[in-house]
Protein chains: 2
Amino acid sequence: MARLIHPAKDSLQLEHVLAALADANRLKIVKRLAAENGCMSCVGASPCTDIPKSTLSHHFRVLREAGIVATEKRGVEHRNVLRLADLEERFPGLLPTVLRNAA
Amino acid sequence: MARLIHPAKDSLQLEHVLAALADANRLKIVKRLAAENGCMSCVGASPCTDIPKSTLSHHFRVLREAGIVATEKRGVEHRNVLRLADLEERFPGLLPTVLRNAA
DNA sequence: CCTTTAGTTCAAAATATTTGAACTATTGAA
DNA sequence: TTCAATAGTTCAAATATTTTGAACTAAAGG
């Protein structure tokens, strides 16, 4: 399996972050992650989105490669955690503002 | 010519706004608009982006239909103005935060 | 080992973006 | 009033991205 790509904090691009958040399903995932202040597996996200797992996998990849989540393999499941501190350092106020304005 | 579409303030969608801003060229245009606190025509935007006018026209359409700019026909040119007040009412803090974080 | 579970990867279909070319509308000049 | 110039839109074809089912991989538990 190809290694999961996690861009370094300093190389995060604003456009990538915005593009990752500019999708209803991904925004919903990020909102839930933020609300639960925790981690979420693909299967964990499934109930709230109702989309196939290959699509979900793709969405988590977009979030990961934009630097919004970190994915850690834990046994058979992958735990996705918000990179809150990195995002806040790189783009101060961005995620809170977007989430505050998310439906 | 089909009328230019300007969504009402209350019908603006966060995802549309984020998607419109999640593009290097459009972000550049919006930044310049904000910096000049003024208006910009397609041709006016051209020098800073170096992309064909049909593409530029498309980008302004995306910005317009997301509710980020209002386009007004003035003689032979179209003046695009940021909908700052509408955006601020609908999504408080969003545009300033994005622009503050834009390269 | 075999099965189950979680997720990735692949490839094809559906969708969106980019762009040159043709078109429309307004202005200004002859 | 007609002609040319300018600004921008619209169309359609090429290109790129997204979505998804199906096949695959990897870990855990019997």
Side-chain angles (χ1 to χ4, degrees), chain A residues 1-7 13 15-30 32-33 36 38-66 68-81, chain B residues 1-7 13 15-30 32-33 36 38-66 68-81:
Chain A
M1 189 189 304
R3 201 72 211 95
L4 305 174
I5 294 163
H6 290 92
Q13 302 287 130
E15 295 125 50
H16 295 173
V17 173
L18 293 177
L21 296 174
D23 172 279
N25 287 312
R26 290 193 295 259
L27 199 50
K28 213 184 281 188
I29 290 169
V30 171
R32 258 197 49 186
L33 270 168
E36 298 180 3
C39 55
M40 193 192 290
S41 61
C42 265
V43 168
S46 206
C48 75
T49 54
D50 187 31
I51 50 181
K53 65 178 182 172
S54 54
T55 307
L56 216 36
S57 178
H58 160 75
H59 285 318
F60 274 108
R61 169 140 83 120
V62 171
L63 290 172
R64 184 166 56 236
E65 297 187 356
I68 296 176
V69 303
T71 307
E72 184 194 353
K73 205 165 177 185
R74 272 253 161 191
V76 76
E77 77 180 20
H78 288 196
R79 302 201 158 176
N80 295 282
V81 188
Chain B
M1 190 189 302
R3 202 70 212 96
L4 304 173
I5 294 163
H6 290 92
Q13 302 287 130
E15 296 125 50
H16 295 172
V17 172
L18 293 176
L21 296 174
D23 173 279
N25 287 313
R26 289 193 295 258
L27 199 50
K28 212 184 282 187
I29 289 169
V30 171
R32 258 196 50 185
L33 270 169
E36 300 179 2
C39 55
M40 192 192 287
S41 62
C42 266
V43 168
S46 207
C48 74
T49 54
D50 188 31
I51 50 181
K53 64 179 182 169
S54 54
T55 308
L56 215 35
S57 178
H58 161 75
H59 284 318
F60 274 108
R61 169 140 83 121
V62 171
L63 291 172
R64 183 166 55 237
E65 297 186 355
I68 295 175
V69 303
T71 306
E72 185 195 353
K73 204 166 177 184
R74 272 255 162 187
V76 77
E77 77 179 21
H78 288 195
R79 303 200 153 174
N80 295 281
V81 188

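Every chain is numbered from 1, with letters handed out A, B, ... down the list of sequences.
- To the nearest angstrom, P of D/dG8 lies 10 Å from NZ of B/K73.
- Between A/V76 and B/R61, the one whose closest nucleotide on DNA chain D sits nearer the 5' end is B/R61.
- Here C/dT8 presents its P atom at 7 Å from CG of A/L4, a figure rounded to the nearest Å.
- Atom CD in B/E77 sits roughly 10 Å away from atom C1' in D/dT6 (whole-Å rounding).
- Put simply, CZ on B/R74 is 18 Å from C1' on D/dT6, counting in whole angstrom units.
- Side-chain N/O atoms of A/R64 include one lying less than 4.0 angstrom from OP1 or OP2 on C/dT8.
- Rounded to whole Å, the distance from CD on B/E72 to P on D/dT9 is 14 Å.
- Residues forming a side-chain contact (heavy atoms from CB on, under 4.5 Å) with A/E72 (at least two apart in sequence, or on another chain): A/R74.
- The side-chain contact (heavy atoms from CB on, under 4.5 Å) search around B/A19 returns A/A22, not counting sequence neighbours.
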Heavy atoms under 4.0 Å is the rule here; annotate nucleotides 17-23 of chain D 5' to 3' with B where the base is hit, S where only the sugar-phosphate is, and - elsewhere.
--SBBB-

Start with the C-alpha distance between B/R64 and B/I5, add both sets of side-chain angles, then the distance that settles side chain to side chain contact (heavy atoms under 4.5 Å, CB included), and finish with yes or no.
CA-CA 7 Å; B/R64 183 166 55 237; B/I5 294 163; 5.8 Å; no

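- Taking B/H59 as the reference, B/R26 meet the side-chain hydrogen bond (donor to acceptor under 3.5 Å, both in side chains) condition, with sequence neighbours excluded.
- Residues meeting the side-chain hydrogen bond (donor to acceptor under 3.5 Å, both in side chains) test with B/H16, sequence neighbours left out: none.
- A search for salt bridge (Lys or Arg N to Asp or Glu O under 4.0 Å) contacts involving A/E15 returns nothing, not counting sequence neighbours.
- The nearest whole Å value for the distance from the NE2 atom in B/H78 to the P atom in C/dT24 is 15 Å.
- What separates CE of B/M40 from C1' of D/dG8 is a distance of 16 Å, to the nearest Å.
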